[in-house]
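For reference, the structure is listed below as structure tokens.
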Amino acid sequence: MRVAVVTFDGFNELDSFIASALINRCRADGLEAFITTPTPVVTSMNGVEVTGQRPMGFVREADVVLIGSGVKTRDVIADDRLLSMLPLDPARQLIGSQCSGALVLARLGLLAGRPACADLTTRPFVEAMGVPVLDEPFHVEGNIATAGGCLASQYLAAWTITRTLGEDAARAAVAYVAPVGEQRETVERVMSAIGVRDAARV
């Protein structure tokens with residue numbers, strides 16, 4: 001199972017790298033994430049140059065597509081050429097967006113009739129597209145999830161792992177990266193955010 005972490009020029013490092021790194025903790029179990037870019041090299045909002053691991057054509061093949069955010073997302077949704085590189089299929093793929101990535105999903109018509117999560121800066125722009133924005137870090141309906149706030153990328157990753165490999169795999173991945181001494185509370189917070197509760201504690 002392969003995950004395309006779509007990363008545009010001007011991207012937010014936390015969004016793309018946290019999701020990719022967490023998911024790749026499950027590489028041995030057959031789940032692998034790739035930074036997927038429209039050009040061979042993209043530059044982050046803080047000037048970090050990154051070489052893409054897969055070209056945008058990989059989006060069509062991926063089992064999961066996560067749309068990252070960045071300072072140029074409004075330019076992205078105004079570019080029909082870039083949008084044409086995103087033939088997303090929620091009937092076949094798991095699809096997620098991080099922060100301003102919700103603008104991309106809205107522009108593609110994937111958020112019609114459903115609320116979404118986005119960061120506070122992006123919120124008015126998403127609402128202007130007719131999509132209600134929740135005051136929550138994560139929301140999922142069917143195969144489409146949205147996350148709001150940079151560190152909510154851990155929720156998007158945990159959702160991806162849960163849906164593809166199961167709850168135990170997600171818990172193990174989150175526990176591995178959690179602060180020492182805070183593993184249990186971190187795991188429970190993340191899993192609760194994506195709608196999974198610890199039955200032993202209910």
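The residues of the chain are indexed from 1 along the displayed sequence. Since the structure is predicted, the reported quantities are computational estimates derived from the model, not experimental observations. Heavy-atom basis, side chains included; hydrogens, waters and symmetry copies ignored.
- When side chains are defined from C-beta on, V41 does not count as touching V50, because their heavy atoms never get closer than 4.5 Å.
- The closest side-chain donor-acceptor pair between R92 and N143, if any, does not fall under 3.5 angstrom.
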(request) Let me see the working for E188 and R171 under side-chain contact (heavy atoms from CB on, under 4.5 Å), right down to the final yes or no. (result) CA-CA 8 Å; E188 295 311 325; R171 287 180 177 275; 2.7 Å; yes
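- In this structure, L66 and V6 have side chains that are not in contact, with every pair of non-hydrogen atoms separated by 4.5 Å or more.
- Partner of M1 under the side-chain contact (heavy atoms from CB on, under 4.5 Å) criterion, out of T160, L31, D29: L31 alone.
- Note on R2 versus D63: no salt bridge recorded, every NZ/NE/NH1/NH2 to OD/OE distance being 4.0 Å or above.
- Side-chain atoms of E13 and M45, non-hydrogen and from C-beta on, do get closer than 4.5 Å to each other.
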(message) Run the side-chain contact (heavy atoms from CB on, under 4.5 Å) test on Y155 and V190 for me, step by step, so that the C-alpha distance in whole Å, both residues' side-chain angles and the decisive distance to 0.1 Å come before the verdict.
(response) CA-CA 6 Å; Y155 302 149; V190 170; 3.8 Å; yes
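- Judged by the 6.0 Å and 45° rule, R74 forms a cation-pi pair with F125.
- Between T162 and E167, the side chains place no donor N or O within less than 3.5 Å of an acceptor N or O (distance only, hydrogens not considered).
- Contact of the V126 side chain with the M129 side chain is not registered, since no non-hydrogen atoms from C-beta on lie closer than 4.5 Å.
- Side-chain atoms of S84 come within 3.5 Å of backbone atoms of R81 as a donor-acceptor pair (strictly under, hydrogens ignored).
- For the residue pair S16/T7, the side-chain donor-acceptor check at 3.5 Å is satisfied.
- Counted within 6.0 Å of CG on L134, heavy atoms from surrounding residues, nucleotides or ligands total more than 12; the atom is thus considered enclosed.
- In the model, S69 has no side-chain atom that pairs as donor or acceptor with a side-chain atom of N12 under 3.5 Å.
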(message) What verdict does the salt bridge (charged side-chain N to carboxylate O under 4.0 Å, His left out) test give for D80 and R107, after you've listed the backbone C-alpha separation in whole Å, the side-chain angles of each residue and the deciding distance to 0.1 Å?
(response) CA-CA 10 Å; D80 289 338; R107 179 71 169 76; 3.0 Å; yes
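- Side-chain contact between N24 and E32: present, with at least one pair of heavy atoms (C-beta onward) separated by less than 4.5 Å.
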